[in-house]
Amino acid sequence: MASSSSAILLLISLVGCFFAISTANFYQNFDITWGDGRAKILNNGDLLTLSLDKASGSGFQSKNEYLFGKIDMQLKLVPGNSAGTVTAYYLSSKGAAWDEIDFEFLGNLSGDPYILHTNVFSQGKGNREQQFYLWFDPTADFHTYSILWNPQHIVFSVDGTPIREFKNMESNGVPFPKSQPMRIYSSLWNADDWATRGGLVKTDWSLAPFTASYRSFNANACVWSSGASSCASNTASSSTSADKAWLSEELDSTGQERLKWVQKNYMIYNYCADTKRFPQGLPPECKTA
């Protein structure tokens with residue numbers, strides 16, 4: 001009987017550990033910041049949804065600030081006619097000279113492709129837009145959208161395929177995000193004044209609420225707290241060298257080929273090719289890209 005009781009206690013403790021792990025996700029890592037109940041954490045913390053109606057959108061942010069990291073999130077975007085809506089998922093610091101790394105998903109009419117809009121701000125300066133179509137329907141299922149941010153470069157990836165690389169070119173006078181910790185933010189909001197065909201297509205509010213879903217967040221990152229980085233710690237409890245491999249991770253030859261494939265077949269706008277926008281000459285990072 002004693003051994004049976006021990007087995008039951010062991011099972012209970014294992015189940016408790018399992019639930020502690022599975023419920024740690026959104027409750028532990030994020031705060032809902034606006035939307036009056038339109039943002040919801042569901043399934044014991046495994047799922048988060050944002051919704052938008054005519055009165056308001058909604059949003060959330062990470063509890064932690066990060067200074068470099070490899071960050072993954074799975075998103076399932078607003079299905080059907082999502083024209084006029086924008087789902088923004090990004091890293092940002094605060095202040096007038098902020099840094100920011102953006103994914104923005106621009107909704108569209110049913111049957112038309114979503115536009116994935118990317119941008120990088122450093123010291124308050126952006127204007128580095130690249131836009132892509134996706135090679136799948138991002139509303140039919142969850143897909144992983146990742147940001148690798150280390151001192152060498154920023155890499156945007158979709159389902160493990162790199163779509164954009166922004167290299168550290170401070171040697172050429174290009175500011176690079178490297179000293180300001182950033183939080184993760186996401187929001188779902190109405191932008192029908194510009195988002196779909198330059199504002200020509202308006203949001204159809206009869207289809208509201210519009211909902212985007214999030215799951216499987218993972219951050220292998222340097223957490224910034226009280227003016228110090230967790231990656232600076234050399235204590236036994238800190239990350240192993242294998243865990244920190246992303247800090248020096250570069251694109252290998254396969255990654256470079258996949259990046260070229262995406263940019264050749266799915267890129268629809270590149271600021272570095274927009275000579276009309278920069279009559280005085282393209283930005284310096286474009287000339288060395």
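From a predicted model like this one, the values you see are computed outputs, not experimental measurements. If you read the sequence from its start, that first residue is 1, and numbering goes on from there. Hydrogens, waters and symmetry mates are skipped; everything else that's a heavy atom, side chains included, is used.
- Pairing each heavy atom of Phe26 with each of Asp46, the nearest pair is CE1-O, 3.5 Å.
- Using modelled atom types, one side-chain atom of Asn150 and one backbone atom of Gln152 make a donor-acceptor pair closer than 3.5 Å.
- Two different hydrophobic clusters hold Tyr133 and Val201 under the rule that ILVMFWY side chains link at heavy-atom gaps under 4.5 Å.
- To the nearest 0.5 angstrom, Asn172 atom CG is 11.0 Å from Lys167 atom NZ.
- The neighbour count for Lys94 NZ, taken as heavy atoms of other residues, nucleotides or ligands under 6.0 Å away, does not exceed 12.
- Gln61 CD to Thr33 OG1: the interatomic distance, rounded to the nearest 0.5 Å, is 5.5 Å.
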Open item on the list: Let's go through Phe105 and Ile115 carefully: what are the C-alpha distance in whole Å and the side-chain angles of both, what is the deciding distance for side chain to side chain contact (heavy atoms under 4.5 Å, CB included) to 0.1 Å, and is it a yes or a no?
Closed with: CA-CA 6 Å; Phe105 303 89; Ile115 292 175; over 6 Å; no

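- Pro162 has its side chain within reach of Leu251: a pair of non-hydrogen atoms, C-beta onward, lies under 4.5 Å apart.
- Evaluation of the side-chain hydrogen bond (donor to acceptor under 3.5 Å, both in side chains) rule for Asp72 yields Ser146 as partners, not counting sequence neighbours.
- Side chain of Lys202 to backbone of Asp192: a donor-acceptor contact under 3.5 angstrom is found.
- Rounding to the nearest 0.5 Å places OG1 of Thr139 at 8.5 Å from NZ of Lys76.
- Under the 4.5 Å side-chain criterion, counting only non-hydrogen atoms from C-beta, Pro177 is in contact with Trp149.
- Checked by atom type and distance alone, the side chain of Asp53 pairs as donor or acceptor with a backbone atom of Ala55 at under 3.5 Å.
- Hydrophobic clustering of Ile, Leu, Val, Met, Phe, Trp and Tyr side chains at less than 4.5 Å, counting indirect connections, unites Leu134 with Val155.
- For Tyr271 and Glu285, the side-chain atoms include at least one donor-acceptor pair closer than 3.5 Å.
- With contacts defined as side-chain heavy-atom distances shorter than 4.5 Å, the pair Lys178/Glu170 qualifies.
- Side-chain contact of His153 with Asn168: a donor-acceptor pair under 3.5 Å is absent, judged by distance alone.
- Side chains of Tyr269 and Asp274: a donor-acceptor N/O pair is present below 3.5 angstrom, by distance only.
- Rounding to the nearest 0.5 Å gives a distance of 3.5 Å between CE of Met267 and CD of Gln130.
- A donor-acceptor contact shorter than 3.5 Å links the side chain of Lys287 to the backbone of Leu282.
- Ile71 has its side chain out of reach of Asn220: every pair of non-hydrogen atoms, C-beta onward, lies at least 4.5 Å apart.
- Shown here is Asp36, whose CG atom has no more than 12 heavy atoms of other residues, nucleotides or ligands within 6.0 Å.
- Minimum interatomic distance between Arg164 and Glu129 (heavy atoms only, all atoms of both residues): NH1-C, 4.1 Å.
- Residues Leu116 and Ile163 form a side-chain contact, since some pair of their non-hydrogen atoms from C-beta on lies under 4.5 Å apart.
- A salt bridge links Asp31 and Lys63; the closest N-O separation between the charged side-chain nitrogens and carboxylate oxygens is under 4.0 Å.
- Applying side-chain contact (heavy atoms from CB on, under 4.5 Å) to Val158 and the options Phe132, Phe136, Tyr266 leaves one that passes, Phe136.
- Ring to ring, Phe103 and Phe156 are close: their centroids are under 6.0 angstrom apart.
- Lys244 contributes a side-chain N or O that, together with a main-chain N or O of Cys231, makes up a donor-acceptor pair within less than 3.5 Å.
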TODO: Dump the intermediate steps for side chain to side chain contact (heavy atoms under 4.5 Å, CB included) on Met73 and Tyr145, then the final yes or no.
DONE: CA-CA 6 Å; Met73 182 82 82; Tyr145 301 90; 5.7 Å; no

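- Taking the ring centroids of Phe217 and Phe30, they lie under the 6.0 Å cut-off.
- Taking the six-membered ring where the residue is Trp, Trp135 and Trp261 present perpendicular rings, their angle passing 60° and hence far from 30°.
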TODO: Show your working on side chain to side chain contact (heavy atoms under 4.5 Å, CB included) between Lys70 and Glu249 and close with a plain yes or no.
DONE: CA-CA 10 Å; Lys70 190 172 188 178; Glu249 183 178 327; 3.1 Å; yes

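- Looking at heavy atoms from C-beta onward, Tyr214 lies out of side-chain contact with Thr49 at the 4.5 angstrom threshold.
- Rounding to the nearest 0.5 angstrom, the gap separating the CD atom in Glu250 from the CG atom in Leu148 is 9.0 Å.
- Counting heavy atoms from C-beta on, the side chains of Pro151 and Leu247 come closer than 4.5 Å.
- Between the side chain of Asp112 and the backbone N or O of Asn108 there is no donor-acceptor pair closer than 3.5 Å.
- Linking ILVMFWY residues whenever their side-chain heavy atoms come closer than 4.5 Å, directly or via other members, places Ile101 and Phe176 in the same cluster.
- In summary, the aromatic rings of Trp189 and Trp34 are positioned with their centroids too far apart to meet the 6.0 Å limit.
- In this structure, Ser213 and Leu47 have side chains that are in contact, with non-hydrogen atoms separated by less than 4.5 Å.
- Of the possible donor and acceptor atoms, none in the side chain of Ser186 sits under 3.5 Å from a partner among the backbone N and O of Phe60.
- The structure places CG of Leu188 at 9.5 Å from OG of Ser56, a figure rounded to the nearest 0.5 Å.
- Smallest separation of non-hydrogen atoms from Gln74 and Ser216: OE1-OG, 3.7 Å.
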Task: side chain to side chain contact (heavy atoms under 4.5 Å, CB included) assessment of Trp98 paired with Ser92 - done: CA-CA 7 Å; Trp98 79 101; Ser92 183; 3.7 Å; yes

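- For the pair Ser110 and Gly80, the tightest heavy-atom approach, listed with the atom from each and the gap, is OG-C, 3.2 Å.
- Considering every non-hydrogen atom in both Gly160 and Arg258, the closest pair reads O-NH1, 3.7 Å.
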TODO: Might you work through the side-chain hydrogen bond (donor to acceptor under 3.5 Å, both in side chains) test for Arg128 and Ser122, ending with a clear yes or no?
DONE: CA-CA 10 Å; Arg128 298 187 177 100; Ser122 47; 3.2 Å; yes

List, one per line, each side-chain donor-acceptor pair under 3.5 Å for residues 83-91, sequence neighbours excluded.
unit_1	atom_1	unit_2	atom_2	d
Thr85	OG1	Ser82	O	2.7

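- Follow the hydrophobic side-chain contacts under 4.5 Å out from Leu207 and you reach Val78 in the same cluster.
- Considering every non-hydrogen atom in both Pro138 and His143, the closest pair reads CA-CD2, 4.3 Å.
- With hydrogens and angles disregarded, no donor-acceptor distance shorter than 3.5 Å links the side chain of Ser229 to the backbone of Cys222.
- Side-chain contact annotation: Asn190 with Thr203, donor-acceptor N/O pair under 3.5 Å present.
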Open item on the list: Test side-chain hydrogen bond (donor to acceptor under 3.5 Å, both in side chains) on Asp159 and Thr161; report intermediate values, then the result.
Closed with: CA-CA 6 Å; Asp159 289 337; Thr161 294; over 6 Å; no

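- The side-chain tip of Arg183 does not point at the ring of Tyr66 from less than 6.0 angstrom away and within 45° of straight on.
- With hydrogens and angles ignored, the 3.5 Å screen pairs a side-chain donor or acceptor of Asn270 with a backbone N or O of Cys272.
- Residues that satisfy the side-chain hydrogen bond (donor to acceptor under 3.5 Å, both in side chains) test with Ser171, not counting sequence neighbours, are absent from this structure.
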